[in-house]
Amino acid sequence: MKRVFTIGVSAALVILGLSSCNDFFGTIPGENYDLESTFTNRSKTEQYLNNVYSYVPEETNERNPFSQGSMAGPWTAGSLEADITWSGNPATDWALGTVYPSSQMASFYWKEYYKGISKASTFIANVDRCLDASESDRRLWKAQARALRALYYFYLFRSYGPLVLLGEDAVAVDTPIDELMMERSPVDACVKFIVDEFDAAAEILPAKYESSNVGRIDRGTCKAFKAKVLLYAASPLFNCNEMYADVRNNDGTQLFPQDKSQEQQKWQDAKTAYEEFFQEFVPSYYDLHIVESSTGGIDHYESYRQTAALADDNIKEHIFVRLAWSDMFSYQVTPYHNNCQDGSMRGGLGFGTTQEIVDMYYTDKGLRIVDDPDYAQYEYTGIPSSEYYGWPEDYKDPFEPERTYFKQNTNKTLKQWAHREPRFYCCVTFNGSTWLKTDTSDGEVTTELNNTGNSGFAAANWDAPYTGYGDRRMAPKGGRNTSGHRVVLLRLGDMYLGYAECCSALGDYDTAIEYVNKIRNRAGVPEYGEGVDGNGFERIALSDIGLSENTADVNKIVHRERLIELSFEWNRFFDVRRWKVAGMSVGDDWYYPSYHQGGEGGDIHGMTYTADPPEFFEKRVVETRAFDNRHYFFPIPDAEIRRNPKMVQNYGWSTGETEE
């Protein structure tokens, strides 16, 4: 028996270039164990499973993604959502196009997730040796490991495309090395394997883990990720993508499906998976998070803020979270606040968001800024005159009048920042905005991002956002702290919008709009349709914004809602790619503003952070980014291509390519 599992691990090491057997135990706390002693001891067996869990990404650690146990990706600052002021960050390397097949980023996720997959397989093959644990416990542990293995395959799939599927069969000791070299499996085979694994695990796992087991993968998580995997498989990047039609293995096997007769069926498969999830789990286990306002009705700001808040638990919307123990994130989203007496108010707002993202949020009428006639009066070019900035009184939340978004001023705020939807105020720290923590010895603190402001360049230097805007999503309302937090990796809002996308693709426009409206109702913006919605707003007819009931147009409102609702939650990077819009040459004002050219590449814009108002308000190019068709996927690591003659590179990438 010992020979079987050892050989299986060794085979994985050869196939994927993992470093050694000791790596399988290197991050188990305390000491290194061998397989024999591990799986005959309950405590060590549980520690091994916890080690398998360590590959669940701590996405809030984007500043230090390659640290042990992090697995965070470059998803925020590698997209238009953010610009990192601090130098030497891998996300910036990706955004600027300086990542190559030989780069650490290309190899890190490939190598680490395959380690996690191999550890999960080792656990599955050997956990029944642990007679210290009951058969029931072993069965549940094995199902968790199976689900984690499927999850890690999915995380690889969304970044690299078609994968090497290792399978579970033991490999004989005398297997020739050339037979251990494996080719990539086609998209459809990868998806089937991942989905089947989630299904198999779901049959055994409890519906939902809570309390001390929060963060464990359960049946709800399996069913939700199954639907999301099928959503990806149905999306244009993976489904009949003609651009990638010639990506083939050496034997001619086509890796990206091109059968148009199956194109719609994939959308149907995804739609069915979402419906199965809703039928079993909503609202009995999961529901949209709603906070009631002090005046009755919904507190839209606080409802949305808490959906991704790191410190809040017992949020019924959360499907899968990772527990983390780092203060890095609260530092990077908290402004510098020079001279504040309360130390928990002081951070380094090194994650700045872009003018492009600021302009994505709707006005309080639920309209794009280009559709709202009242917004047009606030547009300007160059350095604005005084009619474009300042505000005559404290600007309050209309649904919760005790909440101040920004204070009366003559020159701190642009008038463009008033009358925006609640999600804007949750996600963007702008000049003159009131900070979240209000119970301080300094009272309510105004964040000043202009050059000589309390969080501006003169005081904070590299701890000031070079776009003039800060990423506020998930910033701690109670102030910075070093205690543990929850990283929300999947929530029900994501599921509703994924389902709406499937319905739109299949021509079920009424249901697509119904699920978009569930999100808009909670967000505090008018729903689409006719008549008055549940918040008392007049609904927006599609014809009023130049749209009709067809897939192309309904997709626009579904996709735009997703980009806003899930902003800064590590989805945009993948969504614009799977929709195949990340290379859009000129913005269409749905996915990118019309002034932006190059999709995820091109010039990004922000305020003039080295100046004070009114010069501060001049919109300028902050950075020029790179994107071409090869950037839809990460490159397969150069070392894997050289090691394995059956491995083929992704579209557009060249073996041996390095920075000049």
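Just so you know, these numbers use all the heavy atoms, side chains as well, and skip hydrogens, waters and symmetry mates.
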**Report entry** Asp589 and Arg368 ion-paired at < 4.0 Å
**Finding:** no

Query raised in the report: Are any of the side-chain heavy atoms of Pro465 and Tyr609 separated by less than 4.5 Å?
Result: no

Query raised in the report: Relative to Tyr53, does Arg216 satisfy both conditions: NZ or CZ under 6.0 angstrom from the six-membered ring centre, and within 45 degrees of the ring's axis?
Result: yes

Requested in this report: Report yes or no: does Arg522 contribute a side-chain atom to a donor-acceptor pair with the main-chain N or O of Lys518 at less than 3.5 Å?
Outcome: no

Query - Flag, side chain of Tyr425 to backbone of Arg420, donor-acceptor distance under 3.5 Å - result: yes

Report task. Return the orientation label for the Phe424 and Phe430 ring planes: parallel under 30°, perpendicular over 60°, tilted otherwise. Result -> parallel

Report task. In sequence, state the C-alpha distance, the side-chain angles, and the governing distance for Glu400 and Tyr301, and then conclude on side chain to side chain donor-acceptor pair (under 3.5 Å). Result -> CA-CA 9 Å; Glu400 191 61 69; Tyr301 171 96; over 6 Å; no

Query raised in the report: Is the shortest side-chain N to carboxylate O distance from Arg491 to Glu569 below 4.0 Å?
Result: yes

Report task. Determine, for Glu561 against Arg520, whether the closest basic-nitrogen to carboxylate-oxygen distance falls under 4.0 angstrom. Result -> yes

Query - Test side chain to side chain donor-acceptor pair (under 3.5 Å) applied to Thr60 and His485, step by step - result: CA-CA 10 Å; Thr60 51; His485 66 263; 3.0 Å; yes

Query - Heavy-atom check, side chain of Met71 versus side chain of Phe108, under 4.5 Å - result: yes

Query raised in the report: Is it the case that Arg472 and Ser433 place a side-chain donor and acceptor less than 3.5 Å from each other?
Result: yes

Query raised in the report: Applying salt bridge (charged side-chain N to carboxylate O under 4.0 Å, His left out), which residue pairs with at least one partner in residues 65-85 are found, sequence neighbours left out?
Result: Asp83-Arg625

Query raised in the report: Does Glu302 pair with Lys477 as a salt bridge, N-O distance under 4.0 Å?
Result: yes

Query raised in the report: What do you reckon, is CD of Glu402 surrounded by more than 12 foreign heavy atoms closer than 6.0 Å?
Result: no

Report task. Run the salt-bridge test on Asp575 and Arg562 with the 4.0 Å N-O cut-off and return the result as yes or no. Result -> yes

Query raised in the report: Would a distance-only check, ignoring hydrogens and angles, find a side-chain to backbone donor-acceptor pair under 3.5 Å from His300 to Gly524?
Result: yes

Query raised in the report: Any idea which heavy atoms bring Gln144 and Leu49 closest together, and the distance?
Result: OE1-CD2, 4.0 Å

Report task. Start with the C-alpha gap between Glu62 and Thr76, add the side-chain angles, then the distance that decides, and say whether side chain to side chain donor-acceptor pair (under 3.5 Å) holds. Result -> CA-CA 8 Å; Glu62 187 169 332; Thr76 305; 3.1 Å; yes

Requested in this report: Decide, yes or no, whether a salt bridge links Glu600 with Arg572 under the criterion of side-chain N to carboxylate O below 4.0 Å.
Outcome: yes

Query raised in the report: Do Tyr595 and Asp359 have a side chain donor and acceptor closer than 3.5 Å?
Result: yes

Report task. Please confirm whether Arg63 makes a cation-pi placement over Phe351, using NZ or CZ under 6.0 Å from the six-membered ring centre and within 45° of the ring normal. Result -> no

Query raised in the report: Ile513 and Tyr528: which non-hydrogen atoms are nearest, and at how many Å?
Result: CG2-CB, 3.8 Å

**Report entry** Donor-acceptor side-chain pairing of Glu387 and Gln377 below 3.5 angstrom
**Finding:** no

Requested in this report: For the residue pair Tyr405 and Asp397, confirm or rule out a side-chain donor-acceptor distance under 3.5 Å.
Outcome: yes

Report task. Measure the shortest side-chain to side-chain distance between Arg539 and Pro526 over non-hydrogen atoms and say whether it is less than 4.5 angstrom. Result -> no

Report task. Give a yes or no answer on whether the side chain of Asp371 reaches the backbone of Ile545 with a donor-acceptor pair at less than 3.5 Å. Result -> no

Query raised in the report: Salt bridge between Asp218 and Lys208, side-chain N to carboxylate O under 4.0 Å?
Result: no

Query - Sub-4.5 Å side-chain heavy-atom contact between Arg486 and Val214 - result: yes

Requested in this report: Among residues two or more places apart or on two chains, list those pairs meeting salt bridge (charged side-chain N to carboxylate O under 4.0 Å, His left out) that have a residue in residues 333-354.
Outcome: Asp342-Lys437

Requested in this report: State, yes or no, whether a side-chain contact exists between Pro74 and Pro90 at a heavy-atom distance under 4.5 Å.
Outcome: no

Requested in this report: If the plane angle is over 60° it's perpendicular, under 30° parallel, otherwise tilted; pick one for Tyr286 and Phe277.
Outcome: parallel

Query raised in the report: Taking NZ, NE, NH1 and NH2 as the nitrogens, is one of them in Arg322 or Glu59 under 4.0 Å from a carboxylate oxygen of the other?
Result: no

Query raised in the report: Does Thr608 reach the main-chain N or O of Glu618 with its side chain, forming a donor-acceptor pair under 3.5 Å?
Result: yes

**Report entry** Polar side chain donor-acceptor pair, Asp372 to Tyr362, under 3.5 angstrom
**Finding:** no

Query raised in the report: Do the side chain of Asp533 and the main chain of Phe537 share a donor and acceptor less than 3.5 angstrom apart?
Result: yes

Requested in this report: Answer with yes or no whether the side chains of Ser303 and Asp299 bring together a donor and an acceptor at under 3.5 Å.
Outcome: no

Query raised in the report: Would you say the side chain of Leu349 lies within less than 4.5 Å of the side chain of Leu449, judging by non-hydrogen atoms?
Result: yes

Query - Between Tyr496 and Phe278, ring centroids under 6.0 Å - result: yes

Report summary line: ring pair (Phe, Tyr, Trp, His ring centres under 6.0 Å) test vs His419 passes for just one of Tyr375, Tyr395, Tyr361, namely Tyr395

Query raised in the report: Can you check side chain to side chain donor-acceptor pair (under 3.5 Å) on Trp75 and Asn571, steps first, answer last?
Result: CA-CA 7 Å; Trp75 320 133; Asn571 279 272; over 6 Å; no

Query raised in the report: Does a donor on one side chain sit under 3.5 Å from an acceptor on the other, for Ser70 and Asn61?
Result: yes

Query raised in the report: Between the side chains of Asp442 and Gln341, is a donor N or O closer than 3.5 angstrom to an acceptor N or O?
Result: yes

Report task. Determine, step by step, whether Glu421 and Lys365 satisfy the salt bridge (Lys or Arg N to Asp or Glu O under 4.0 Å) criterion, reporting the C-alpha distance in whole Å, the side-chain angles of both residues, the deciding distance to 0.1 Å, and the verdict. Result -> CA-CA 8 Å; Glu421 60 159 306; Lys365 298 184 183 69; over 6 Å; no

Requested in this report: May I ask you to decide whether Glu444 forms a salt bridge with Arg403, counting only side-chain N to carboxylate O separations under 4.0 Å?
Outcome: no

Query raised in the report: Strictly by modelled atom types, are Asn431 and Glu448 linked by a side-chain donor-acceptor pair under 3.5 Å?
Result: no

Query - Modelled atom types, side-chain donor and acceptor of Gln47 and Asn51, under 3.5 Å - result: no

Requested in this report: Please check if the side chain of Asn450 supplies one atom and the backbone of Phe616 the other of a donor-acceptor pair under 3.5 Å.
Outcome: no

Requested in this report: For Thr404 and Phe406, indicate whether the former's side chain and the latter's backbone hold a donor-acceptor pair under 3.5 Å.
Outcome: no

Requested in this report: Measure up the Tyr499 and Tyr274 rings against each other and bin them: parallel (under 30°), tilted (30 to 60°), perpendicular (over 60°).
Outcome: tilted

Report task. Tell me, yes or no, whether the heavy-atom count around Trp86 atom CH2, taken from other residues, nucleotides or ligands under 6.0 Å, exceeds 12. Result -> yes

**Report entry** Closest approach of Ser159 to Phe574 (non-hydrogen atoms, all atoms of both residues)
**Finding:** OG-CE2, 3.7 Å

Requested in this report: Taking Trp391 for its side chain and Thr410 for its backbone only, find out whether a donor-acceptor pair lies under 3.5 Å.
Outcome: no

Query - Audit row: Tyr389, Trp417, ring-ring contact (aromatic ring centres under 6.0 Å, His included) steps and yes/no - result: CA-CA 9 Å; Tyr389 54 82; Trp417 302 333; over 10 Å; no

Query raised in the report: Is Thr467 close to Met607 at the side-chain level, that is, under 4.5 Å between some pair of heavy atoms?
Result: no

Report task. Look at the rings of Tyr591 and His559 and say which category their plane angle falls in: under 30° parallel, 30 to 60° tilted, over 60° perpendicular. Result -> tilted

**Report entry** Close side-chain approach of Gln355 to Tyr469, heavy-atom, < 4.5 Å
**Finding:** yes

Query raised in the report: Counting distance only, does the side-chain N/O of Tyr466 pair as donor-acceptor with the main-chain N or O of Thr610 below 3.5 Å?
Result: no

